[in-house]
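First up is the structure itself, then whatever we jot down about it.
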Amino acid sequence: MFKRILIANRGEIAVRIIRACRELGIETVAVYSTADASALHVQLATKAVCIGPAKAAQSYLNQTAILTAAVESGCEAIHPGYGFLSENYEFADLCAQCGLKFIGPSGDVIRKMGNKTAARELMIKAGVPVVPGSDGVIESAEEALKVAERIGYPVLLKASAGGGGRGMRRVFSPEELPATFASAQAEAVACFGNGEMYLEKLVLSPRHIEFQIMADQQGHVVHLGERDCSIQRKNQKLMEESPSKALSPELRQAMGRDAVKAAQSCGYEGAGTIEFVLDPDGNYYFIEMNTRIQVEHPVTEMVTGQDLVKEQIRVAAGLPLSFTQEDVKLNGHAIEVRINAEDPARNFAPMPGKTEFVHFPGGCGVRVDSALYNGYELSPFYDSMVAKLIVHAPTRLAAIRRMRRVLEEFIVEGYPTGAELAHLILYHPDYLKGDYNTSFIENNLDEVLSWMEKGAPLADEEER
Ligand code: ADP
Ligand code: ADP
Ligand code: MG
């Protein structure tokens, strides 16, 4: 096992990784930008190294500074968390060249699966269903028009290097395609330094269903069930749950089998997520693989009882998976709410500020993953997510009720968050029925926001 690991990230995920390392008896080296000198991950790590100024490009994305810190502090491995360098194949290659174990798949695997058009082609070969779309990259708006004509409108323009819902645009008619192509491509260049675009059929009223997989260096691949992440804003997830109300045991088995097949087809190692969209008729299509730990991994940990970050580290150290497919049982129900410093009433605009006061919920079946503390100043340079509230209960309804209670207990002062919106969503009749798709927030936002003044409707019979 490793003796010392560098964590190339910040915020709650850096804290999450430090917790796993402590329990494994591994020392941690935190890296931080000048804006993060008093951040929690810096205080909790065994040692901390400043790697540059606030701008991520000069600190958390500064590969040379991070590799130097790892080598000079005697680390054997680097955990990249999510975001930042976690899906950067050059960084994974450089780690290997420096004799450091990148905790994740090899650079070659990221090259294949981290690029969405390359991953699509690989999945077609492996026999995993993909959304009808372009054969590889689209070079121009003219070519996009031809492909869209062939597959039929509406379509979704997507960036090959996309992530976090960026570089993605819906197109409903040929007239709007050229301008939309240009703006999506410009966003892709600005966000990812890569303007490669492709096109998919827009699946209508879909659910976002993803499967967690874990693979070891011995070739074992296991899936740990699904997460339903259909409650989204701006194509970004806000609330996740496991298991999904939309999957029958048969559908779960079929999708899980395809997720495992997807990971096997590329020689995968470590934790990964296979994302699908599921249409109202029960057809599912691969959309992308995230070759890293996912923000919402705790819901899977709650229902399976496995520690995915520890398992990532064990597997990276060359140990075989500590469980088999037969060992994985989904127990009860888990829900996560992401708390972002943002204003839902103003199109979810990020609202950083100083944390004047924070109180975390607790009690039975509650988990809080956060790097917040009283007095902590949010930096406008980074992600607006400040906490993840997670609950676990025997049934879905009990989990919903527990999450309402958790959101009532949670206090944060100094900036607005989406906590109240999430609380109200937990009273929405369609959410209660589990009958929702990725347009839920778009379709119900005004109604739910109006409840902020007059209160949520009375809970239905099923609840009493
Ligand atoms: P997940 O399913 O894990 O939420 P996302 O693709 O939404 O996957 O990205 C996870 C995290 O990675 C985000 O919360 C964000 O911190 C970071 N991230 C991903 N892509 C970007 C991007 N283009 N710009 C900024 N942050 C990003
Ligand atoms: P990102 O890398 O930004 O997470 P994804 O490819 O995972 O990009 O797509 C983000 C979200 O956009 C999905 O969760 C889903 O809600 C929606 N989406 C993606 N592809 C399609 C599609 N072909 N049809 C309908 N919705 C889609
Ligand atoms: Mg995605």
Side-chain angles (χ1 to χ4, degrees), residues 1-2 5 13 16-26 77 79 81-82 101-106 109 113 128 209-229 240-244 247 249-276 289-336 365 367 369 390-394 399:
M1 185 46 75
F2 306 117
I5 289 178
I13 193 64
R16 167 72 186 90
I17 298 163
I18 292 171
R19 287 176 172 151
C21 289
R22 285 207 172 180
E23 291 179 17
L24 288 168
I26 299 171
H79 197 307
Y82 56 71
K101 174 66 188 168
F102 176 82
I103 301 179
S106 68
V109 170
M113 290 304 268
V128 176
I209 306 285
E210 59 183 36
F211 274 73
Q212 176 70 52
I213 62 106
M214 264 317 302
D216 63 20
Q217 296 179 9
Q218 290 72 22
H220 306 108
V221 184
V222 166
H223 79 80
L224 292 101
E226 79 279 10
R227 295 182 286 258
D228 193 322
C229 314
E240 302 97 349
E241 62 178 311
S242 182
S244 168
L247 301 200
E250 295 73 34
L251 188 53
R252 176 171 300 113
Q253 206 176 27
M255 293 178 81
R257 210 181 302 126
D258 274 345
V260 167
K261 202 156 69 176
Q264 278 167 339
S265 73
C266 63
Y268 200 76
E269 176 199 326
T273 299
I274 310 291
E275 297 191 336
F276 297 101
M289 178 171 197
N290 289 322
T291 58
R292 54 168 163 87
I293 194 77
Q294 199 97 352
V295 174
E296 58 276 20
H297 74 276
V299 292
T300 299
E301 296 186 323
M302 298 298 250
V303 292
T304 61
Q306 299 293 343
D307 184 319
L308 293 172
V309 175
K310 273 193 200 164
E311 204 62 28
Q312 279 189 298
I313 296 170
R314 287 171 44 88
V315 160
L319 295 168
L321 281 178
S322 62
F323 50 85
T324 64
Q325 191 66 66
E326 287 66 45
D327 296 331
V328 177
K329 299 269 181 307
L330 303 187
N331 169 31
H333 201 94
I335 303 176
E336 173 181 274
R367 167 173 169 181
D369 280 20
I390 306 117
V391 299
H392 185 219

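Atoms considered below: every heavy atom in the structure, side chains included; atoms not considered: hydrogens, waters and symmetry mates.
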#### Entry: Closest contact, heavy atoms only, S242 versus V299
CB-CG2, 4.3 Å

### Query
Quick one: CD1 on I213 to OG1 on T300, what's the gap to the nearest 0.5 Å?
12.0 Å

### Task
Sequence neighbours left out, what passes side chain to side chain contact (heavy atoms under 4.5 Å, CB included) with D327? Give chain and number order.
F323, T324

### Message
Going by side chain to side chain contact (heavy atoms under 4.5 Å, CB included), name the residues that satisfy it together with A399, two or more places apart in sequence or in a different chain.
### Response
H333, I335, V391, A393

### Task
Please name the pair of heavy atoms, one in A262 and one in M113, separated by the smallest distance, quoted to 0.1 Å.
O-CE, 4.3 Å

### Backbone of L224 reached by a side-chain donor or acceptor of T304 within 3.5 Å
no

### Message
To the closest 0.5 Å, what do you measure between CE (M255) and CD (E250)?
### Response
13.5 Å

### Task
Could you check Q294 against E275 for side-chain contact (heavy atoms from CB on, under 4.5 Å), going step by step and ending with a plain yes or no?
CA-CA 11 Å; Q294 199 97 352; E275 297 191 336; 3.2 Å; yes

### Query
Which residues pass the salt bridge (charged side-chain N to carboxylate O under 4.0 Å, His left out) test with D258, sequence neighbours left out?
K261

### Query
Between CD1 of I26 and CZ of F2, what distance do you get to the nearest 0.5 Å?
7.5 Å

### Partner set under side chain to side chain donor-acceptor pair (under 3.5 Å) for H223, not counting sequence neighbours
none

#### Entry: By side chain to side chain donor-acceptor pair (under 3.5 Å) - contacts of T291 (at least two apart)
E87

### Query
Atom CD1 of I18 and atom CD1 of I5: how far apart are they, to the nearest 0.5 Å?
11.0 Å

### Message
Less than 4.0 angstrom from a charged side-chain N to a carboxylate O is my criterion; do E226 and R252 meet it?
### Response
yes

### NZ/NE/NH1/NH2 to OD/OE distance under 4.0 Å, E240 and R227
no

### Task
Inspect the contact between E301 and R367 and indicate whether a charged nitrogen and a carboxylate oxygen are less than 4.0 angstrom apart.
yes

### Query
Has the side chain of N290 got a donor or acceptor atom that lies under 3.5 Å from a matching backbone atom of I293?
no

### Message
Applying ring-ring contact (aromatic ring centres under 6.0 Å, His included), can you list everything that pairs with F276, at least two apart in sequence or on another chain?
### Response
Y284

### Message
Holding to side chain to side chain donor-acceptor pair (under 3.5 Å), I want the full list of residues that pass it with H297, two or more places apart in sequence or in another chain.
### Response
R16

### Query
Below 4.5 Å, heavy atoms only, C-beta onward: do M302 and I390 meet side chain to side chain?
yes

### Query
Sequence neighbours excluded, which residues qualify as side chain to side chain donor-acceptor pair (under 3.5 Å) partners of S244?
D228

#### Entry: Straight-line distance of E210 CD to T273 OG1, nearest 0.5 Å
5.0 Å

#### Entry: Nearest non-hydrogen partners of R292 and Y268, listed with the distance
N-OH, 3.7 Å

### Task
Mind checking side chain to side chain contact (heavy atoms under 4.5 Å, CB included) for R257 and listing every partner two or more places apart, or none if nothing turns up?
Q253

Check residues 308-319 and write down every donor-acceptor pair under 3.5 Å in which the side-chain atom is one partner and the other belongs to a residue at least two apart or another chain.
from	atom 1	to	atom 2	distance (Å)
K310	NZ	E23	OE1	2.7
E311	OE1	S322	OG	2.8
E311	OE2	S322	N	2.8
E311	OE2	S322	OG	3.2
Q312	OE1	H79	NE2	2.7
R314	NH2	P320	O	3.3

### Heavy-atom pair with the smallest gap, counting every atom of V221 and A215
CG2-CB, 4.0 Å

### Query
Any idea which heavy atoms bring V295 and P298 closest together, and the distance?
O-CD, 3.3 Å

### Query
Residues in side chain to side chain contact (heavy atoms under 4.5 Å, CB included) with S106, at least two apart?
D108, V109

### Query
Any side-chain donor-acceptor pair under 3.5 Å between Q212 and Q306?
no

### Message
Looking at every heavy atom in both E296 and C229, which two are closest together, and how far apart are they?
### Response
OE2-SG, 3.9 Å

